[in-house]
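Heads up, the thing below is written out as structure tokens.
Each ligand, and each atom within it, is numbered from 1 in the order the structure gives. Computation of the quantities below employed the complete heavy-atom set of this structure, encompassing side-chain atoms and omitting hydrogens, waters and symmetry-equivalent molecules.
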Amino acid sequence: MPGLVSDTPVHLPFPDDVPTHPLLVIDYALIEADDEGEQDRLWKAATELGFWYLKNHGADAEVDSMFTLGKAFMGLSLEEKMQYEEGDGGMQFGYKAAGYHTADEHGTLDATEFLDIAKDDVLAYPTDVHRTYPPLVAEAIESTVRPFVNRSIAINETLLGVLNKKLGMPEGTLARMHVREERSGCVARVIRTPPQGADIPPAVLEEQALLGAHTDFGSLSFLHNRLGGLQVLAPGTEKWLYVKPIPGHAICNVGDALNIFSGGLIRSNMHRVVAPPKAQSAFERYSLAFFTRPHDSVVLRPLANESAPVAARVAAGVPNEERGTSGEWLVRRLRYLRTENYHVCE
Ligand SMILES: O=C(O)CCC(=O)C(=O)O
Ligand SMILES: [Fe+2]
């Protein structure tokens with residue numbers, strides 16, 4: 001990447017006396033080799049918790065470069081970053097400053113900064129589809145962001161192919177709803193939360209969400225964590241539990257669109273970000289995600305006509321109505337998150 005020194009992140013180990021939620025480990029090499037047992041395990045993970053680790057995904061180099069770029073961007077002055085702020089109109093590309101989303105139902109401000117780079121801008125660069133980015137980011141699009149985006153898209157397309165098969169749908173049904181050349185909300189995101197201090201008791205650290213409880217909006221999220229902080233609320237439980245980052249393992253999760261398409265069979269699970277546990281809390285936390293979303297014109301509805309298991313869910317009473325298009329859904333969900341619009345949903 002031009003002008004940026006590669007930065008090897010320090011892995012301060014996740015403490016071994018903090019409770020965590022186990023995730024199934026899916027081997028991407030086996031998924032690519034059409035291994036039926038691994039496809040079954042992916043289906044189990046996607047339907048039971050909606051989260052899994054993915055190993056052997058082959059994206060480590062692209063991920064490292066994105067972390068380096070994200071840290072360089074976050075180091076720009078607030079004034080410079082604010083020139084790219086996403087605004088309150090439902091746009092989700094550019095910079096989201098800390099405090100510009102609410103973190104809970106009381107309107108508490110979040111503590112998280114995002115750099116959001118649109119897949120459409122990355123693939124079309126140097127043509128702008130949605131917006132421009134700071135020079136430091138723009139100059140790294142071809143060398144750093146595009147390889148990460150292409151790799152993430154390919155991985156999520158492969159995973160979607162397995163879920164398509166498990167839903168008993170004609171081949172390519174989900175692929176036709178995630179066409180990479182179509183305008184969409186697919187986005188690469190770097191997330192930063194500030195250090196929280198080393199001596200804060202765990203109960204206090206976990207009390208305040210730095211990124212509020214939510215489900216993801218799209219279809220599949222490909223997430224990379226180095227420090228802890230991500231927590232899931234597993235179905236049938238009332239206790240938030242950390243997901244332990246494992247080097248070289250991505251964390252994948254399902255979003256609302258896939259939940260809707262599948263009539264609820266595939267799970268879009270609640271999660272949030274709190275301070276990293278124990279000694280890790282003294283450090284700023286970076287994470288990186290690629291969100292695959294249906295392209296903007298796709299209507300969100302259960303795919304009962306395409307899938308017998310989904311048809312059975314609808315016959316059993318799962319709501320079958322259309323929820324509008326993917327583009328509309330995203331704008332609506334994003335507007336509600338913005339602090340400026342908080343009164344709208346009180
Ligand atoms: O930073 C993380 O680990 C999770 C971020 C997240 O859930 C999101 O951006 O949707
Ligand atoms: Fe999320």
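With respect to the Fe ion (ligand 2), H271 has NE2 as its nearest N, O or S atom. Nearest N, O or S atom of D216 to the Fe ion (ligand 2): atom OD1. Counting just the N/O/S atoms of H214, the one with the shortest distance to the Fe ion (ligand 2) is named NE2.
In this structure, Y28 has its ring center no closer than 6.0 Å to that of H57.
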As a test of reading the model: which N/O atoms of the protein lie under 3.5 Å from N/O atoms of ligand 1, and at what distance?
{"unit_1": "ligand 1", "atom_1": "1 (O)", "unit_2": "R285", "atom_2": "NH1", "d": "3.0"}
{"unit_1": "ligand 1", "atom_1": "1 (O)", "unit_2": "S287", "atom_2": "OG", "d": "2.5"}
{"unit_1": "ligand 1", "atom_1": "3 (O)", "unit_2": "N225", "atom_2": "OD1", "d": "3.4"}
{"unit_1": "ligand 1", "atom_1": "3 (O)", "unit_2": "N225", "atom_2": "ND2", "d": "3.0"}
{"unit_1": "ligand 1", "atom_1": "3 (O)", "unit_2": "R285", "atom_2": "NH2", "d": "2.8"}
{"unit_1": "ligand 1", "atom_1": "7 (O)", "unit_2": "H214", "atom_2": "NE2", "d": "3.1"}
{"unit_1": "ligand 1", "atom_1": "7 (O)", "unit_2": "H271", "atom_2": "NE2", "d": "3.1"}
{"unit_1": "ligand 1", "atom_1": "9 (O)", "unit_2": "R189", "atom_2": "NH1", "d": "3.1"}
{"unit_1": "ligand 1", "atom_1": "10 (O)", "unit_2": "H214", "atom_2": "NE2", "d": "3.0"}
{"unit_1": "ligand 1", "atom_1": "10 (O)", "unit_2": "D216", "atom_2": "OD1", "d": "3.1"}

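A cation-pi arrangement, defined by a distance under 6.0 Å to the six-membered ring centre and an angle within 45 degrees of its axis, is absent between R151 and F148.
Distance check, rounded to the nearest 0.5 Å: CZ of R323 to CD of E321 gives 5.5 Å.
Side-chain contact between L123 and R146 is present, with at least one heavy-atom pair separated by less than 4.5 Å. Contact annotation: the side chain of E48 never approaches that of R267 to less than 4.5 Å [non-hydrogen atoms, C-beta and beyond].
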Derivation of the side-chain hydrogen bond (donor to acceptor under 3.5 Å, both in side chains) call for S326 and H295: CA-CA 7 Å; S326 178; H295 54 265; over 6 Å; no
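Counting non-hydrogen atoms of other residues, nucleotides and ligands closer than 6.0 Å to CD of E36 gives a total of 12 or fewer.
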